[in-house]
Amino acid sequence: MISQALYKRHTEEWWKGKRVVSLQPLRNAWGEMPAGTRLEVTRKFSGFNLESLPCTKCGFRLRINKVPPSSLDLAD
């Protein structure tokens with residue numbers, strides 16, 4: 001789990017591009033990603049803005065915003 005202290009300690013530039021894993025299902029209006037999904041941080045603002053890795057068959061990527069750090073773990 002990414003602690004609030006770790007989230008605050010690093011700048012947006014440090015977080016951008018980091019790979020994380022969801023610890024619980026994440027959803028938005030377009031769909032739901034199950035726990036264990038690997039995602040990439042695109043922005044740090046009121047939580048994380050995330051983008052899923054592209055589907056190997058069709059290339060689809062799902063984006064989700066304002067995910068709390070406690071819902072994620074570092075994958076790198």
Side-chain angles (χ1 to χ4, degrees):
M1 177 174 77
I2 298 173
S3 68
Q4 193 66 25
L6 180 62
Y7 172 80
K8 289 181 178 181
R9 184 178 320 137
H10 296 290
T11 65
E12 180 175 0
E13 289 305 313
W14 188 87
W15 283 109
K16 201 179 264 188
K18 294 283 188 222
R19 298 276 171 96
V20 295
V21 177
S22 62
L23 299 175
Q24 61 191 33
L26 302 173
R27 74 182 65 167
N28 66 12
W30 295 100
E32 181 175 319
M33 295 176 274
T37 302
R38 294 176 65 86
L39 305 141
E40 185 175 311
V41 175
T42 58
R43 187 169 184 210
K44 174 191 169 192
F45 180 76
S46 297
F48 290 115
N49 290 6
L50 304 169
E51 190 172 275
S52 67
L53 301 180
C55 172
T56 56
K57 296 183 181 190
C58 66
F60 180 77
R61 295 179 85 144
L62 188 64
R63 292 181 181 99
I64 188 164
N65 300 328
K66 297 185 179 180
V67 176
S70 60
S71 298
L72 305 167
D73 202 2
L74 283 170
D76 293 325

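- When every heavy atom of T42 is checked against every heavy atom of L50, the shortest pair comes out as OG1-N, 4.0 Å.
- Under the rule for a side chain to side chain donor-acceptor pair (under 3.5 Å), the partners of E51 that lie at least two apart in sequence or sit in another chain are R61, R63.
- Between W15 and Y7, the ring planes are tilted. Angles from 30° to 60° get that label.
- Between P54 and G59, the closest heavy-atom pair is CB-O, 3.8 Å.
- One finds no salt bridge joining K44 and E12 here, because no Lys/Arg side-chain nitrogen approaches an Asp/Glu carboxylate oxygen to under 4.0 Å.
- The side-chain heavy atoms of L62 and E32, taken from C-beta on, include no pair separated by under 4.5 Å.
- Here the OG-CZ distance, from S22 to R27, works out to 12.0 Å after rounding to the nearest 0.5 Å.
- Looking at every heavy atom in both residues, M33 comes nearest to I64 through CE-CG2, 3.6 Å.
- Stacking of K16 on the aromatic ring of W14 is not recorded, the 6.0 Å distance cut-off and the 45° axial limit not both being met.
- Closest heavy-atom contact between Q4 and P69: OE1-CG, 3.9 Å.
- Atoms CD and OG1, on Q24 and T37 in that order, are 11.5 Å from each other to the nearest 0.5 Å.
- The line from CE of M1 to OG of S71 is 9.5 Å long, rounded to the nearest 0.5 Å.
- Test V41, V21, L26 against L72 for side-chain contact (heavy atoms from CB on, under 4.5 Å) and you get one pass: L26.
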task = Could you give me the CA-CA distance, side-chain angles and deciding distance for V67 and N49, then say whether side chain to side chain contact (heavy atoms under 4.5 Å, CB included) is met?
result = CA-CA 7 Å; V67 176; N49 290 6; over 6 Å; no
query = Taking it one step at a time, do F48 and I2 satisfy side chain to side chain contact (heavy atoms under 4.5 Å, CB included)?
reply = CA-CA 11 Å; F48 290 115; I2 298 173; 4.3 Å; yes
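- The distance from the CG atom of N65 to the CG atom of N28 is 8.0 Å, given to the nearest 0.5 Å.
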